[in-house]
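Data first, discussion second: the structure below is written as structure tokens.
Only a predicted model underlies this, so the values are computations on that prediction, with no experimental measurement involved. Every chain is numbered from 1, with letters handed out A, B, ... down the list of sequences.
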Amino acid sequence: MLRILNSLTRTKEDFKPIDPAGKHVTMYTCGPTVYDSLHLGHARAAITPDIVRRYLVYKGYQVRYATNFTDVDDKIIRRAIEERRDWRALTAEYIDEFHRVMLALNVAPADVYPRATDHIPEMIEIVQRLFKHGHAYVAKDGDIYFNIASFERYGKLSGRKLEEEEAGLSGRIDEARLAVKKNPGDFVLWKLLKNDKPEIAKGGEHVPRWASPWGDGRPGWHLECSAMSQKYLGVPFDIHCGGKDLLFPHHEDEKAQTECAFCDALGARESVHYWVHNEFLNAKARPEDAKVAAEHVDAQTGGVKMSKSLGNVRWVREMIWPEGPYDPMVVRMLMLGSHYRSPIVFEPAMLDEAAARLDRIYNALETVGRAIQSDMTISWRKSPEELALAGDPNAMTRQMPLLAAATLARQNFEIAMDDDFNTAGALGAVFDLITKINQDLSRYGTGKVPPGEGASFHEAARTVRRLLGVLGIRPDRAKGATGNDAEKLVDLLLYVRQEARTAKQFVLGDRIRDALSALGYEIEDLPGGKSAAKKK
RNA sequence: GGCCCCGUAGCCAAGUGGUAAGGCGACGGUUUGCAAAACCGUUAUGCGGCGGUUCGAAUCCGCCCGGGGCCUCCA
């Protein structure tokens, strides 16, 4: 039974879909505000729901998944004004980058990628519903606000009480804006153009605007998620993901709006059944990050928030191929190493460690592939048990422990993942099986498993690949960022080296290996005289 | 000020009442022309500290120390 830590109740709950048939699951994630490149934190925020979704699919559910783009926002407008660009061109550029990075990170595409600006009418309709039910009001300056005092459950998600909030807010809020609102915590539903901050109001054509019953302007931030999740998934839906920072105010407000706007249909029930929030990935300060002032650095861990104002942001594209040095799967492996609710204090060496772990997996799978490729008794049509039995009795006996290890790995994997998506534990189960495969493989010094004994290795490797797939790790080592010509030349050099080694000209062979190593290719000599090169 | 979270080996990290997964690194050995990969062995009598509850505590409770997050538009 899958259990999920629900932010709403702050307890682990058994997962039960809304669908009475227990088959379909609906899922929504708050996507990025598209005004800049993606950093490692965004990668974590995308990979977390991807794991949730993949595991649900593994469990047999049919998942409908929506994740949005926030393409209207103060930061976007400011950037557009700054760069004197059309804000649509700006957001299109970063939406494009988002898709490229997601493809590289093997984040499965969502069923829909709604954009805020494509849903203005839906948002206006929600505001009208809120007026109808008495939750919205026109403030003194004409902006439309949500009255949080009108919703008795306000604060339930983030565990806050109105009075506490008001106490905590003192001295830190904009007095001018406070004066127009009924409660300090009231948030804007529709912002009039004329009330914009001076630097935005002067932005001219760079400031997006839409007509509404209350005047030209733009929607409040939280409104888009209420509108789009309702439109594409319905109310209520099963799982809502997002970064921990969004819990308050964004999700609290989104929830309040949705539940108030659709309260006729919803009654007293929750609009989202499971709220899943991933922790942050913070960056360690680098010496070259001159802007990182000492007071931001955690004396013990050296951790410091990844923030552009501090100049320590790690862009994903600078890390992964083709721009950066790492296989994108390394980034995913980094995320899988800790639970999604634990903070990660990132430092570059962590990527090297993740790369080493990934290597251990790929090495084992490749070695198995070579060891059993000539075993013609392996057939996809037969079960591993049938195949094991097809050999001689001794071969069967030898194969049983590995088959048992594969089954055990699958079980332990599921136990870990069932417990609130414990990817680190699940990875432990995979590594246990990897070790068992390597142990059994090491019995055969020639690197070839005798014919008739390959079935268990085949099954074990298949299990590893399947489980990796659930975690979103591609089961085959990627070729790297090099072009085809480079690969061909490397192959040619390997051939020359092979000839040299056959002729016992080891000095020449070693020089070729060292030279390739300097270019970033690690050479591995295989049984039988051949060699393989892999990009470091 | 309010609310919440964390502290497990050199490093990353799982484990929330039954006697410390897994990975990286390091050291020694096997294998190899030499390597690489892989295998074997070693690497936490102990889970920030001190008390308490319990037959039994990394896990529960209290206090202390250290760190982090959120509190109006940050994933």
query = Nearest to the side chain of A:Val188 - B:C73, B:A38, B:A14?
reply = B:C73

key: Separation between the C1' atoms of B:A44 and B:A13, rounded to whole Å   = 14 Å

query = Does a nitrogen or oxygen in the side chain of A:Ser342 sit under 4.0 Å from OP1 or OP2 of B:G7?
reply = no

Pair partner, B:C63 [Watson-Crick or wobble, under 3.5 Å] = B:G49

request  = Identify whether any heavy atom of A:Thr29 sits under 4.0 Å from a base atom; if not, whether one sits that close to sugar-phosphate; answer base, sugar-phosphate or nothing.
outcome  = nothing

inquiry  = Nearest to the side chain of A:Glu522, heavy atoms from C-beta on, is which of B:G33, B:A36, B:A75?
reply    = B:A36

note = Considering only heavy side-chain atoms of A:Arg357, the closest of B:C24, B:G33, B:C71 is B:C24

query = If pairing requires Watson-Crick or G-U wobble contacts with both distances under 3.5 Å, which nucleotide is the partner of B:G28?
reply = B:C40

inquiry  = Could you check whether A:Phe346 and A:His39 have their ring centres less than 6.0 Å apart?
reply    = no

message = Can you check the distance between B:A20 and B:C39, where both ends of the measurement are the P atom (answer in whole Å)?
response = 24 Å

inquiry  = Can you classify the ring geometry of A:Tyr154 versus A:Phe187 as parallel (below 30°), tilted (30 to 60°) or perpendicular (above 60°)?
reply    = parallel

query = For the pair made of CG in A:Leu508 and C1' in B:C34, what is the distance, rounded to whole Å?
reply = 14 Å

ask   = Counting any heavy atom closer than 4.0 Å, what does A:Ala356 reach on the DNA or RNA strands: base, sugar-phosphate only, or nothing?
value = sugar-phosphate

ask   = When you compare B:U30 with B:G15, how far apart are their P atoms, in angstrom units rounded to a whole number?
value = 39 Å

query = Has the side chain of A:Arg501 got a donor or acceptor that lies under 3.5 Å from a partner of the other kind on the base of B:G33?
reply = yes

ask   = Would you say the side chain of A:Arg513 and the base of B:A35 hold a donor-acceptor pair, judged only by whether the two atoms sit under 3.5 Å apart?
value = yes

message = For the C1' atoms, the ones on B:C70 and on B:A57, what distance do you get once it is rounded to whole angstrom?
response = 32 Å

B:G15 OP1/OP2 closer than 4.0 Å to side-chain N/O of A:Asn422 = yes

message = Can you classify the ring geometry of A:His99 versus A:Tyr113 as parallel (below 30°), tilted (30 to 60°) or perpendicular (above 60°)?
response = perpendicular

inquiry  = Just N and O in the side chain of A:Gln439: are any of them under 4.0 Å from OP1 or OP2 of B:A38?
reply    = no

task = Looking at every strand, decide which applies to A:Asp510 at a 4.0 Å heavy-atom threshold: base, sugar-phosphate, or nothing.
result = base

query = Expressed as a whole number of Å, how far does the C1' atom of B:G18 sit from that of B:G28?
reply = 35 Å

query = Paired with B:C34: which nucleotide, if any, by Watson-Crick or G-U wobble criteria at under 3.5 Å for both distances?
reply = none

ask   = Base, sugar-phosphate, or nothing: which does A:Asp525 touch, judged by heavy atoms less than 4.0 Å apart?
value = base

ask   = Do the side-chain N or O atoms of A:Ser158 get closer than 4.0 angstrom to the phosphate oxygens (OP1, OP2) of B:C3?
value = no

A:Phe506 aromatic ring stacked with six-membered ring of B:G33, 5.5 Å and 30° = yes

task = For nucleotides B:G46 and B:A58, find the distance between their C1' atoms and express it as a whole number of Å.
result = 9 Å

inquiry  = Below 30° counts as parallel, above 60° as perpendicular, anything between as tilted: where do the rings of A:His251 and A:Trp275 land?
reply    = tilted

query = Within the structure shown, what part of the strands sits under 4.0 Å from A:Thr435 by heavy-atom distance: base, sugar-phosphate, or nothing?
reply = sugar-phosphate

query = Does B:C73 have a Watson-Crick or wobble partner in any strand here, with both distances under 3.5 angstrom, and which is it?
reply = none

query = C1' atom, B:U16 versus B:A21: distance in rounded Å?
reply = 15 Å

ask   = Quantified in whole Å, what is the P atom distance between nucleotide B:U54 and nucleotide B:G48?
value = 23 Å

Atom pair distance, as rounded to whole Å: NZ in A:Lys448 and P in B:A38 = 18 Å

request  = Let me know which of A:Asp420, A:Thr423, A:Asn278 forms a side chain to side chain donor-acceptor pair (under 3.5 Å) with A:Tyr340.
outcome  = A:Asp420

key: Identified pairing partner of B:A21, criterion: Watson-Crick or G-U wobble below 3.5 Å   = none

request  = Classify the nucleic acid contact of A:Asp359 as base, sugar-phosphate or nothing, counting any heavy atom under 4.0 Å across all strands shown.
outcome  = nothing

note = B:A58 -> Watson-Crick or G-U wobble partner, both distances under 3.5 Å, gives none

request  = Mind checking A:Ile523 for me? I need base, sugar-phosphate or nothing, with any heavy atom below 4.0 Å counting as a touch.
outcome  = base

message = Could you identify the nucleotide paired to B:U16, looking across every strand shown and requiring Watson-Crick or G-U wobble geometry with both distances under 3.5 Å?
response = none

query = What does A:His339 touch in the nucleic acid at a heavy-atom separation under 4.0 angstrom: a base, only the sugar-phosphate, or nothing?
reply = sugar-phosphate

key: Face-on cation placement of A:Lys182 at A:Tyr137 ring, 6.0 Å and 45° thresholds   = yes

